[in-house]
Amino acid sequence: MRYPFAEIEPKWRKFWDNNKIHQTDLSKTDDKLYTLVMFIYPSGAKLHCGHWYNYAPTDTWARYKKLNGYNVFEPMGYDAFGLPAENYAIKTGIHPYDSTMTNINDIRAQLKSIGCMYDWDAELMTCKPEYYKWNQWLFLQLYKKGLAYRKNAPVNWCPSCNTVLANEQVQSDGSCERCGSIVIQKALTQWFFKITDYVEELLSGLDTITWPEKTKLMQRNWIGKSIGTEVKFKVDGSGEDITVFTTRPDTLFGVTYVVLAPEHTLVDKLTTGEFKDSVAKYKEEIKSLSEIERTSTVKEKTGVPTGAVAINPVNGEKVPIWTADYVLSTYGTGCVMAVPGHDERDFQFAKKFNLPIRKVILKAGTNENDELTEAFTESGTMVNSGSFTGMFSEEGIDKISLYLEENNLGKRKTNYRLRDWLISRQRYWGTPIPIIHCPDCGEVPVEEDNLPVELPYDVEFKPSGDSPLSSNEKFINAKCPKCGADAKRDPDTMDTFVDSSWYYFRYLNPRFSEDIFDKSRTDKWVPVDMYVGGAEHATMHLLYARFIHKFLRDLGYTASDEPFKHLVHQGTITNQGAKMSKSKGNVVNPDDFTINYGADVFRLYLMFMGPYELGGDWSDKGISGTDRFVQRSYELFNKFSGLGKDVKAKSEYEIAPLSAVEKSIYRKVNQTIRKFDEEVEHFRFNTAIAGMMELINELKNLDQCSKEIQVYTLERFAVLLAPVAPHLAEECWQILGNDTSLFQKPVWFTVDEKALIADSINIAVQVNGKLRDTVEAATDSDQAVVKELVMQNEKVTKYLDGKQIVKEIFVKNKIYNIVVR
RNA sequence: GCGAGAAUGGCGGAAUUGGUAGACGCGCUAGACUUAGGAUCUAGUACCGAGAGGUGUCGGGGUUCGAGUCCCCGUUUUCGCACCA
């Protein structure tokens, strides 16, 4: 009989539901384990295989922990604010709230069909005022500490749609995805969170958490700490100074020009008469370029002179000031000193515009008068550098910095690539920013008692050039909390990364109304023990959450320094080479598989496909393999139905008295448990399942075992099934004769260590590193014993004839290698 | 462009610290069973070769008794790059 998943799976889900098996008692904290997957964005595309790939294997890990006695908390919620719902509204007229709620209801039903251990009492929706109220509260706390502030920042602007565009709405050729016009960069006043105040701790904290090394490295690179010196260049004939940042003050004598970012405020100020037109024209030209294009090292460098001249502080030399787009206003001071002899970008630029190139660092083994054919960017001996000539770069960096500091011409400075977090969005579907702009008092925060500032339902979200909220008179007009005068609310909303930077606290008490969360509870449960989600969040969400966590700690809201102790990234599931998305039309609907095979077969297949961290291109080719495995498992238990009622197995057996078949099965069962423990613990589900398949292949001889060994084996097999195929396992456990639920009364079997050691073992025999045969020897045999076997082996000895043995390498239980000449 | 991964049969993938390459599964081949089925069971399946044997882990070098694994050079490919989440 085929496994009737269509009856059995809903039956067990109902049982779990009715008995509240997945509701975590959060007051019990002794063996607490907080397992979290990144919450879902409720798009109209619903759940696809990529979501299942994220959730089902993580649930297997969580269930494994639960069976091992942990009090596991595994919640799920909706990251419900965001751009796609708003775009959808612009296109169709369907309100973001309505489409989001519809999507959530559909997705919830789908999520329930996976059979994960989600505690639905903890469900969260970030678009509800009871949630985003605390985003606003968080904003106010940051504001109070001076960590939320406004400044100008460039945004992608479509002049035809009259709106700000997300990077993803700008196509690769720089045009708007909606109308095709060329997108420009426009400066707008924006809200920022001062994440840079925490930069050192964000770096050092990485050493304290168990995250993939590559993710930590990405964060380190993102933060981009660099130790250097700021150098002041006076502008000739003007009171202005240009401050540049350099990590190579030892090359200061090689400066032949200075470059300002085109957006730098000094550009217009310094440009002299005849150059004004060309500079203005240049600034116009580069408006449509993205940062990636601007910094590309293959793109032809562009730039124009400003006519102004800077004075090198160490030698008084006058050098021209240029503006060029390879200098970014967002990094360092927005100005660089150009040393074409020792910087690749400067070299290219100087070549193109015929600017002088001067050698000031000598590469070891070369001559001072050799012409530079490319920039020499490493350290070396300083030349042409006044009194510093002859020093090695490291010493020169130190001495020149000291000289600059002593003469008030500069100072040592640590720079970071990390920029403050731009959190304002000129959009509707997000958390309103709780600030009122008063003509007299300026920016005034909304009183905490007046939170939430509710997002109004009625609004014109079609682009008009302004944030959609500014068109809602009722919303936008307010009284100044300080002086009572007529004032305007801030029309912007927050980046959705604000929502996701603290949601793991809120899951623990989603309806708590007195504070952002109940500290007495979160202190026991936070940090999250295991966090699973896509690697695409490596630098943004995962950095923002760490920042907010540290901020909340400084407010006294948590004792921990880091939000996520352990992090795992699932791989990306692509289809026809592309990430699954509705717009590409390559979404694979998991429902097709759950209808045909059931949830357990599908989740088994997702785990069996390959390494969890790797992902891969979607194919359903192998699903019949896991289906067969499920069928065979079900059949196996039916064959021994009820056996566990009459026969009780011991927890361990003496091995010697067992028959050969029993021995082999007993050993395999224990080896499989050992392997399963090891593999599932580290999210290696594919090999864990392969191990179980090996076991069931061996169990074709189970009827040759005593009833006790049969029960011993089957109860262990059922329990191994439980994390990977929970519905099936519950059913099998019951068929065997148990009247309890595995997840209601968790069971896990420990390995019988003495069953793991095999009596004998195959040892590879090599001659000159080439395999010639294997010999079977008792486990842990020493070299002399193995040598005797080897030397009797003709397949080996025929390669030794007439040769001289030079060396013999013996590795116990593994290899015997004879080197001959 | 910059940064970070990956590359093993026809396919998905296994392979503690360097120690028998191809576990497990798909597919395929042959057979069994059968009021015939896209079901189940048994056997085989890296490549070349009749065999002995030889060759094989993206390409090219290197270290080592021994390299899929370590080092150098290159190719291809996936992901991220600050307003998608």
Side-chain angles (χ1 to χ4, degrees), chain A residues 2 38-41 43 79 81-84 87 153 155-156 164-170 190 212-215 217-218 220-222 224 290-299 330 417-427 495-497 499-500 533-541 543-544 569 571-572 574 577 579 581 605 608-611 613-617 619-626 628-629 631-632 635 678 684 686-687 689-694 697 700 762-774 806-811 813-820:
Chain A
R2 281 188 65 79
M38 292 178 185
F39 59 177
I40 185 166
Y41 179 75
S43 79
D79 191 8
F81 274 138
L83 184 63
N87 281 342
V155 293
N156 300 311
V164 177
L165 297 180
N167 284 343
E168 74 154 12
Q169 296 177 291
V170 183
Q190 303 274 6
E213 275 310 313
K214 60 170 185 174
T215 309
L217 186 62
M218 267 195 228
R220 284 191 192 102
N221 291 341
W222 187 258
S290 72
E291 217 163 83
I292 292 174
E293 289 168 312
R294 283 177 56 167
T295 53
S296 165
T297 48
V298 288
K299 178 189 145 264
T330 47
R417 209 180 68 99
L418 180 71
R419 313 205 280 253
D420 278 337
W421 174 14
L422 195 169
I423 62 112
S424 48
R425 299 288 181 269
Q426 288 69 46
R427 301 190 205 289
D495 181 4
T496 53
F497 280 128
D499 312 39
S500 55
E536 64 272 21
H537 292 101
T539 45
M540 305 185 65
H541 160 57
L543 196 63
Y544 297 146
H569 297 304
T572 319
T574 55
K579 223 176 185 175
S581 78
Y605 177 60
F608 188 61
M609 277 188 348
E613 274 96 348
L614 224 62
D617 206 47
S619 154
D620 55 17
K621 262 191 185 160
I623 196 165
S624 51
T626 49
R628 277 177 205 147
F629 172 71
Q631 302 303 334
R632 290 169 69 194
E635 257 170 49
E678 186 65 26
R684 293 191 292 255
N686 56 330
T687 45
I689 293 166
M692 294 176 68
M693 287 174 168
E694 281 185 52
N697 287 342
K700 65 188 170 201
N762 275 330
I763 293 171
V765 185
Q766 301 181 335
V767 179
N768 284 353
K770 273 196 198 305
L771 181 73
R772 293 307 173 187
D773 203 5
T774 60
V806 190
K807 198 173 176 183
E808 286 163 81
I809 294 116
F810 174 70
V811 181
N813 297 332
K814 285 224 168 102
I815 203 158
Y816 199 103
N817 186 14
I818 304 167
V819 185
V820 296

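Each chain gets a letter, A, B and so on, in the order its sequence line appears, and its residues count up from 1.
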Under 4.0 angstrom, heavy atoms only, what part of the nucleic acid is [X] near: base, sugar-phosphate, or nothing?
{"X": "E635(A)", "result": "nothing"}
{"X": "H537(A)", "result": "base"}
{"X": "W222(A)", "result": "base"}
{"X": "T574(A)", "result": "nothing"}
{"X": "Q169(A)", "result": "nothing"}
{"X": "I623(A)", "result": "nothing"}
{"X": "F497(A)", "result": "base"}

Using heavy-atom distances to pick each residue's nearest nucleotide on RNA chain B, tell me which of M609(A) and Q631(A) is more 5'.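 Checking each residue's closest nucleotide, the 5'-ward one belongs to M609(A).
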
Verify the distance criterion only: is there a donor paired with an acceptor across the side chains of N697(A) and R632(A) at less than 3.5 Å?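 Short answer, yes.
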
Rounded distance in Å between the [atom1] positions of [N] and [M]:
{"N": "U45(B)", "M": "A52(B)", "atom1": "P", "result": "14 Å"}
{"N": "G66(B)", "M": "G19(B)", "atom1": "C1'", "result": "7 Å"}
{"N": "A4(B)", "M": "G9(B)", "atom1": "C1'", "result": "30 Å"}
{"N": "G51(B)", "M": "U35(B)", "atom1": "C1'", "result": "48 Å"}
{"N": "C11(B)", "M": "C58(B)", "atom1": "P", "result": "13 Å"}
{"N": "G68(B)", "M": "U20(B)", "atom1": "P", "result": "10 Å"}
{"N": "A67(B)", "M": "G56(B)", "atom1": "P", "result": "11 Å"}
{"N": "G49(B)", "M": "G59(B)", "atom1": "C1'", "result": "27 Å"}

Taking the side chain as every heavy atom from C-beta outward, state whether R772(A) and I818(A) have any pair of such atoms under 4.5 Å apart.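 Not touching, per the 4.5 Å side-chain cut-off.
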
Reckon [X] has a side-chain N or O less than 4.0 Å from the OP1 or OP2 of [N]?
{"X": "K770(A)", "N": "A67(B)", "result": "no"}
{"X": "R294(A)", "N": "C81(B)", "result": "no"}
{"X": "R425(A)", "N": "C83(B)", "result": "yes"}
{"X": "K214(A)", "N": "G5(B)", "result": "no"}

Salt bridge (charged side-chain N to carboxylate O under 4.0 Å, His left out) with R425(A): which residues, sequence neighbours excluded?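 R425(A): salt bridge (charged side-chain N to carboxylate O under 4.0 Å, His left out) contacts with D495(A).
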
Base versus backbone protein contacts along nucleotides 15-25 of chain B [heavy-atom cut-off under 4.0 Å; B, S, -]: --B-BB--BBS

Watson-Crick or G-U counterpart of [N], or none if no pair lies under 3.5 Å:
{"N": "A52(B)", "answer": "none"}
{"N": "A32(B)", "answer": "U40(B)"}
{"N": "G27(B)", "answer": "U45(B)"}
{"N": "G9(B)", "answer": "none"}
{"N": "A82(B)", "answer": "none"}

Using the side-chain heavy atoms of [X], tell me which of these nucleotides is nearest: [options].
{"X": "K700(A)", "options": "G80(B), U42(B), C83(B)", "result": "U42(B)"}
{"X": "P84(A)", "options": "C84(B), C83(B), C11(B)", "result": "C84(B)"}
{"X": "R427(A)", "options": "C83(B), C26(B), C65(B)", "result": "C83(B)"}

Does D773(A) reach the main-chain N or O of V765(A) with its side chain, forming a donor-acceptor pair under 3.5 Å?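 Flag not set: sc D773(A) to bb V765(A) has no pair under 3.5 Å.
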
Using the test ring-ring contact (aromatic ring centres under 6.0 Å, His included), find all partners of F608(A) that sit at least two apart in sequence or belong to another chain. none

